[in-house]
Engineer: 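Supplied in structure tokens, the structure appears directly below.
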Amino acid sequence: MDQDKIRQGVRLLLEGIGEDVGREGLVETPERIARMYEEIFAGMEEDVSLHLSKRFHVEHQEMVLVKDIPFYSMCEHHMMPFFGKAHVAYIPEGEVVGLSKIARTVEVFAKRLQLQERLTMQVADAMMEHLAPKGVMVMMEAEHLCMTMRGVKKPGSMTVTTAARGVFCEDKALQDHFLTMIRV
């Protein structure tokens, strides 16, 4: 990440909206924004496979669900936040991964400029690629500030996206079971 370019860009942005970049409250803003971007876009340089590489052999072949995983991301269209909860389920095929690694997988992809639709698919695809389970289902529910704070201004509206892979694509009863479990 190029911190100098970020600081320069923030200065230009402040000048562009008519602010005085030398004003006391704004002098350190370019540096603060650069540090913040390093944190909120940390997923840009992170390899999700590192989180999903430690697996454990088990005979369990029933659904594993981690629900209500909070996430925060930035919309690539307006560079405004969207945030919500992710629900990730998979059917193991001889191996499981530590539950925190599922949350880390969501976080890695969320900490990039994103579309919610792509984020949902990336989590599902990463789980399929690195765990080779029988199937994966991901649902994300999020509020987008680009829709609630500006534009149409509809606070509280939620966007829901899903991605199904493997047996979740073929089995409607399994999808229904997933939906029931996340609502419990």
Engineer: Can you name the nearest heavy-atom pair linking A132 to E93, along with the distance?
Structural biologist: O-CB, 3.4 Å
Engineer: Can you get from M74 to F83 by hopping between Ile, Leu, Val, Met, Phe, Trp and Tyr side chains that sit under 4.5 Å apart?
Structural biologist: no
Engineer: So does V97 get a backbone contact from the side chain of K54, meaning a donor-acceptor N/O pair under 3.5 Å?
Structural biologist: no
Engineer: Might you work through the side chain to side chain contact (heavy atoms under 4.5 Å, CB included) test for H177 and F168, ending with a clear yes or no?
Structural biologist: CA-CA 10 Å; H177 184 55; F168 282 96; over 6 Å; no
Engineer: What are the two closest non-hydrogen atoms of T105 and A126, and how far apart are they?
Structural biologist: CG2-CB, 4.3 Å
Engineer: Might you work through the side chain to side chain contact (heavy atoms under 4.5 Å, CB included) test for H60 and E62, ending with a clear yes or no?
Structural biologist: CA-CA 6 Å; H60 185 80; E62 301 297 322; 3.5 Å; yes
Engineer: With a 4.5 Å limit on heavy-atom distance, are the side chains of V64 and P92 in contact?
Structural biologist: yes
Engineer: Looking at E107 and R104, is any side-chain nitrogen of the basic one under 4.0 Å from a carboxylate oxygen of the acidic one?
Structural biologist: yes
Engineer: In terms of side-chain geometry, is the basic nitrogen of E31 or R7 positioned less than 4.0 Å from the acidic oxygen of its partner?
Structural biologist: yes
Engineer: Counting only N and O atoms by type, is there a donor-acceptor contact under 3.5 Å from the side chain of K101 to the main-chain atoms of L50?
Structural biologist: no
Engineer: Got a second to check how far E45's CD is from E38's CD, nearest 0.5 Å?
Structural biologist: 8.0 Å
Engineer: Could you tell me whether F56 atom CZ has more than 12 heavy atoms of other residues or ligands within 6.0 Å of it?
Structural biologist: yes
Engineer: I'd like to know if F109 and L52 are part of one continuous hydrophobic network [Ile/Leu/Val/Met/Phe/Trp/Tyr, side-chain heavy atoms within less than 4.5 Å].
Structural biologist: yes
Engineer: Taking atom CG of L115 and atom OG1 of T159, what is their separation to the nearest 0.5 Å?
Structural biologist: 11.5 Å
Engineer: With rounding to the nearest 0.5 Å, note down the distance linking CZ in R32 to OH in Y37.
Structural biologist: 13.5 Å
Engineer: Which atom pair, heavy atoms only, marks the closest approach of R11 to P30?
Structural biologist: CG-CG, 3.6 Å
Engineer: Between L179 and V167, is there a shared hydrophobic cluster once you connect ILVMFWY residues whose side-chain heavy atoms come closer than 4.5 Å?
Structural biologist: yes
Engineer: So with a 6.0 Å cut-off around NZ of K85, is the heavy-atom count from everything else above 12?
Structural biologist: no
Engineer: Is a side-chain donor-acceptor pair under 3.5 Å present for R118 with Q122?
Structural biologist: no
Engineer: Side chains of residues 133-147: which donor-acceptor pairs under 3.5 Å do they make with residues two or more places apart or in other chains?
Structural biologist:
residue	atom	partner	partner atom	Å
K134	NZ	Q61	OE1	2.9
E141	OE1	H87	NE2	2.6
E141	OE2	R183	NH1	3.2
E141	OE2	R183	NH2	3.4
E143	OE2	T148	OG1	3.3
H144	NE2	Q116	OE1	2.6

Engineer: Please step through side chain to side chain contact (heavy atoms under 4.5 Å, CB included) for the pair K111 and F41, ending with a clear verdict.
Structural biologist: CA-CA 5 Å; K111 287 190 169 190; F41 294 122; 5.9 Å; no
Engineer: With the side chain counted from C-beta on, respond yes when Y90 and L65 share a heavy-atom pair under 4.5 Å apart, and no when they do not.
Structural biologist: no
Engineer: Hey, could you give me the CG/CD1 distance between L14 and I33, rounded to the nearest 0.5 Å?
Structural biologist: 8.0 Å
Engineer: Measure the CD1-CG distance between I40 and L113 for me, rounded to the nearest 0.5 Å.
Structural biologist: 8.5 Å
Engineer: Quick check on M149: does its CE atom have over 12 non-hydrogen neighbours (other residues, nucleotides or ligands) under 6.0 Å away?
Structural biologist: no
Engineer: Can you hop from I69 to V160 via hydrophobic side chains spaced under 4.5 Å?
Structural biologist: no
Engineer: Are more than 12 heavy atoms from other residues, nucleotides or ligands located less than 6.0 Å from atom CD of E170?
Structural biologist: yes
Engineer: Is there side-chain contact between L131 and V96, with at least one heavy-atom pair below 4.5 Å?
Structural biologist: no
Engineer: Roughly how far, to the nearest 0.5 Å, is NZ of K67 from CZ of F178?
Structural biologist: 10.5 Å
Engineer: Report the C-alpha separation of L119 and F82 in whole Å, then their side-chain angles, then the decisive distance to 0.1 Å, and conclude whether the side chain to side chain contact (heavy atoms under 4.5 Å, CB included) test is met.
Structural biologist: CA-CA 11 Å; L119 174 58; F82 67 95; 4.1 Å; yes
Engineer: Using a strict 4.0 Å threshold on nitrogen-to-oxygen distance, state whether E76 and R112 make a salt bridge.
Structural biologist: no
Engineer: Quick check: does any side chain N or O of Q114 sit under 3.5 Å from a backbone N or O of C75, one acting as donor and the other as acceptor?
Structural biologist: no
Engineer: Linking I/L/V/M/F/W/Y whenever their side-chain heavy atoms sit closer than 4.5 Å, directly or via other members, would M36 and L26 fall into one cluster?
Structural biologist: yes
Engineer: Tabulate below the donor-acceptor pairs under 3.5 Å that side-chain atoms of residues 17-24 make, not counting sequence neighbours, or state none.
Structural biologist:
residue	atom	partner	partner atom	Å
E19	OE1	R23	NE	3.2
E19	OE1	R23	NH2	3.2
E19	OE2	R23	NH2	3.2
D20	OD1	G22	N	2.9

